[in-house]
Structure formats: structure tokens, C-alpha cells
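Ligands are counted one by one from 1 in listed order, and the atoms in each one are counted from 1 as well. All values derive from a computational prediction rather than experimental measurement.
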Amino acid sequence: KHEIYDGHAVYQVDVASMDQVKLVHDFENDLMLDVWSDAVPGRPGKVLVPKFKREIFENFLKQSGVQYKLEVENVKEQLELEDQLLAAAAAKSNSTRSRLSFDKIHSYEEVDAYLQELAKEFPNVVTVVEGGKSFEGRSIKYLRISTTNFQDASKPVVMMQSLLHCREWVTLPATLYAIHKLVIDVTESDLINNIDWIILPVANPDGYVHTFGGDRYWRKNRATGYMAGNLCMGVDLNRNFGMNWGTASSSSVCSDTFHGRSAFSEPESSVIRDIIAEHRNRMALYLDIHSFGSMILYGYGNGVLPSNALQLHLIGVQMAQAIDRVKWSSNKDYIVGNIFHVLYAASGGASDYAMQAAAPFSYTYELPAYRNSVWFDGFLVDPDFIEQAGFETWEGIKVGARAAAAAA
Ligand code: VAL
């Protein structure tokens, strides 16, 4: 297992000027590297580099006078370690079909069965809906949670989703925790009395299943037919939505930010578009949960600010503060801001689309990369952090849901 990542290294790149930002960015693009975070002055970036590209990458950095650090020599070893830790935790787990625990990362099949169980057990509150099928034909299910009749359409709707980027495993506990607190262990009933919820835990099922099979860093969906022989495949679903589509993304199927044939060419993004359309008139808040970086981001991905940017920022800060109050002390504080200004230009994103099409408040969360004594690679999950990730993110979501519902 993990053979394809044998010899892959992770570099930390530390730029000193905006000139270097562009230089590094362009070079990483040309080399088709998997950039985990872009470098800006004062905030080093991270990039995954296959063995055969390491020399040319290092030479480029040296010649350009860019500071860098080899952070992980061989990611395969870290992937094996993650497997071991997760397996050890899972062996002690008391998870059941209808009560998923927070000590493991659940598979697509487990989550799929769980959603159906909940709908059976709590028929007055929970409805499971199949929004459609993935490229490979897997069911894309989401929950409607409502204490009244969801179809009455009388309350504001909060929608949240995880795993649009399937390697971001730690985002799953965030949606599962929300479900847990809205259905099973209800301690703050105003959240379900005043709000109807839509929760989509596995937005990219094919990709997610693929990350369990030995390609842990796969990000896109699994669409084929874009290249003869399918040497490269998959569309970045967070570049496939119909908002500024194709303006800040890649037209190469080999790229990790490939935007697809056209806006909504992919079944997975189309399902989300249809949910948004269905509840357009009462969608108060939309949350797309990603990792990593400890960020709460809002649109638009081209740097243009929506007319309610001040309110967006304010509620973003309130959510971030709520999380920071209970976060693990070894993790850094959240950053709040516009996608383009905090991160980079990105088009066709889910939260941008939701903002433009329906929701007055729409955010992308970037959950923290948990740092333990052994690793810090961003996507890997320490089992000790799973419940905490769910718990602390929920603190932010509650604040956002209440504020957005009050404004609706
Ligand atoms: N980091 C996300 C992405 O790359 C968003 C925020 C742009 O898709």
C-alpha cells in the first residue's frame, strides 16, 4: 500500500517578497505539483513533490534564492504511520451502525448506512434523501433535519457538507458531529426549533473510496473520459461550480485544479447545485468544510467582495472566535477573510456559487492541520484529534447558524 507515494517529499517554502510568490507559484504550476498551501511572505507554503521532480524543484528554489525546508523525506512512511494509528484506535472503538463514534474515520459505506439508520430511528426529525449518483454510480445521500415538516418551508435553512475534496478526512467528523448534536444528543434545542438543516457528509463518494485504496492524497472526483487512455483523470469539484467558472483553475486534466468540461459537468457538483436551487428562497447559511489551514473564508474567489462583505466578515470572526476559545492549544488561531486575499484566486467554488445563487452567508472552512509530535503534514489524521475536530468546529457552526438565521 501507498507505493505510489514512495519517495514523495513535502517541502515547506518560505518566500520573502511578492515577486517570489509569483515565481514559486508559476513554477509549481508548470511542474504540475500538488500545492497544499501557497506561500506568502510570513506564511510558508507546503507542496508535495514526487521523487523524480525533487532535484529540479530544489535547484529552482536555490537559483531563485527562495528559502525552503524539506519537511517530510518520504510521505509513504507517514501514510503507514497514519494507518497504524487509525487501526489501533479503531480496534478499541465502540462504534455501531446507528451510533458512529468519534474515534475513527468512517468509510463511505458506514456513513451511507448510518444516514439510513437515523432516518429510520428518528422519522419525525430526519429524512434521508438521495440527491443523485456519483460518476461511478455511488449514492450521494444527505439528511434533512427538521422538527416540523421540512416541506412547509417555513424556517431558514442551514446547509453544510464535507469531503468535496476527499483527502480532507478530518472534515467528516465535523458534519457527523453536527448530525449527532442535532438529532441524538440535543442540548441546544433552539438550533433545531428555529432552523431546518441539510447535511451532506460525503460530497465526493468515489474520490473518498479511492483514498482508502492506496491513493491517500487524491483530491478530485474520479471522472474518466477526459484523456485518451485515462492517464490523467478526475475533476476538481471545487472548481466545477457555475460561478466565474474556468477563470482561475486549470484546463489540464492532469492538474489537481482541473475544472472539467463545463460548469456542472460533474454529477457530484450538480447534486449540490440542485439542493441549493431547491431551497434558494430560505437558505440562510452555506458551509463547505475543507482542510487544512485553520481558516474561515468567504467569496468571491476572484477577490471581488459581495455587498454584505462587512457582515460576512463579522460573522466569520464570531465563528472563528468561538472555535479558538476551545481549540487545542497546539493549534494556531483561525484566520478570517476573502478567499483570494487570504489564499489565492480560485474560480468555480462551491461556496462562491452558493453565495451568488442563494445564501446571504456562505463560507469555506479550512479545518486545522493537527500537529502532533510525530508529524505535521496537513491531511493526515491523528485519531486523538477526531472528536476534538468535530467538537470545536461545531462551536463555530452554531454561532454562524444562529446569526444567519436571525438575519434571515
Ligand atoms: N482551498 C480551497 C480550494 O483550493 C478553496 C478555499 C479555494 O479549493
Side-chain angles (χ1 to χ4, degrees), residues 21 25 28-29 32-40 43-48 160-171 174 200 203-204 207-208 211 217-221 234-252 255-260 263-264 266 268-269 272 286-306 309 312-313 316 319-320 334-356 359 361-369 377-379 393 396 400:
V21 168
H25 182 88
E28 288 175 338
N29 260 351
M32 293 252 185
L33 295 178
D34 181 2
V35 180
W36 289 357
S37 57
D38 262 321
V40 293
R43 209 171 63 216
K46 259 184 210 298
V47 57
L48 180 68
M160 61 182 290
Q161 67 189 41
S162 51
L163 289 177
L164 190 66
H165 286 151
C166 49
R167 64 188 176 186
E168 298 164 5
W169 284 9
V170 80
T171 64
L200 168 61
N204 175 8
Y208 189 51
T211 60
Y217 292 120
W218 189 260
R219 160 182 166 112
K220 304 187 284 180
N221 78 350
V235 172
D236 182 354
L237 296 171
N238 209 28
R239 300 291 182 281
N240 189 241
F241 284 72
M243 176 61 186
N244 295 326
W245 179 85
T247 54
S249 49
S250 176
S251 57
S252 164
S255 163
D256 260 322
T257 55
F258 176 51
H259 50 224
F264 298 117
E266 305 309 303
E268 296 86 358
S269 49
I272 295 166
Y286 177 86
L287 299 175
D288 186 18
I289 313 292
H290 287 248
S291 78
F292 57 90
S294 300
M295 293 166 179
I296 292 177
L297 304 167
Y298 51 83
Y300 292 105
N302 60 2
V304 174
L305 296 175
L312 266 177
H313 192 79
M319 294 193 287
Y334 265 76
I335 294 172
V336 180
N338 169 271
I339 293 168
F340 175 89
H341 295 286
V342 171
L343 225 42
Y344 40 69
S347 57
S351 69
D352 269 14
Y353 178 76
M355 175 95 211
Q356 179 250 178
F361 297 96
S362 180
Y363 300 91
T364 302
Y365 272 46
E366 294 283 355
L367 300 193
D377 108 332
F379 294 116
T393 309

Given E168, M295, R239, H290, which one has a non-hydrogen atom that is nearest to atom 8 (O) of ligand 1?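 Ranked by closest heavy atom to atom 8 (O) of ligand 1, first place is R239.
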What atoms in ligand 1 come closer than 4.0 Å to a heavy atom of [X]?
X    : value
L297 : 6 (C)
E366 : 1 (N), 2 (C), 6 (C)
Y344 : 1 (N), 2 (C), 3 (C), 4 (O), 7 (C)
A346 : 7 (C)
L343 : 1 (N), 6 (C)

Considering heavy atoms of the protein only, find what lies nearest to atom 5 (C) of ligand 1 and give residue, atom and distance to 0.1 Å.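 Going atom by atom, the protein heavy atom closest to atom 5 (C) of ligand 1 ends up being N238 ND2, 3.8 Å.
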Is it the side chain (CB and beyond), the backbone, both or neither of D236 that lies under 4.0 Å from ligand 1, heavy atoms counted?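 Within the 4.0 Å criterion, D236 makes no contact with ligand 1.
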Show the nearest heavy-atom pair for residues D352 and G299, with the distance to one decimal.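 Scanning both residues completely, I find the closest heavy atoms to be OD1-CA, 3.3 Å.
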Testing T211, D236, T171 one by one against H165 for a side-chain contact (heavy atoms from CB on, under 4.5 Å), which residue passes?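 One option only clears the test, and that one is D236.
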For the pair N240 and E266, evaluate side chain to side chain donor-acceptor pair (under 3.5 Å) and give the outcome as yes or no after the intermediate values. CA-CA 7 Å; N240 189 241; E266 305 309 303; 4.8 Å; no
Spacing of CG belonging to L287 relative to CG belonging to L200, to within rounding of 0.5 Å: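 These two atoms lie 12.5 Å from each other.
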Test side-chain hydrogen bond (donor to acceptor under 3.5 Å, both in side chains) applied to H259 and S249, S250, S251, the passing residue: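 Among S249, S250, S251, the one that satisfies the side-chain hydrogen bond (donor to acceptor under 3.5 Å, both in side chains) with H259 is S249.
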Do S255 and T257 meet the criterion of a side-chain donor-acceptor pair at a distance under 3.5 Å?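 Short answer, yes.
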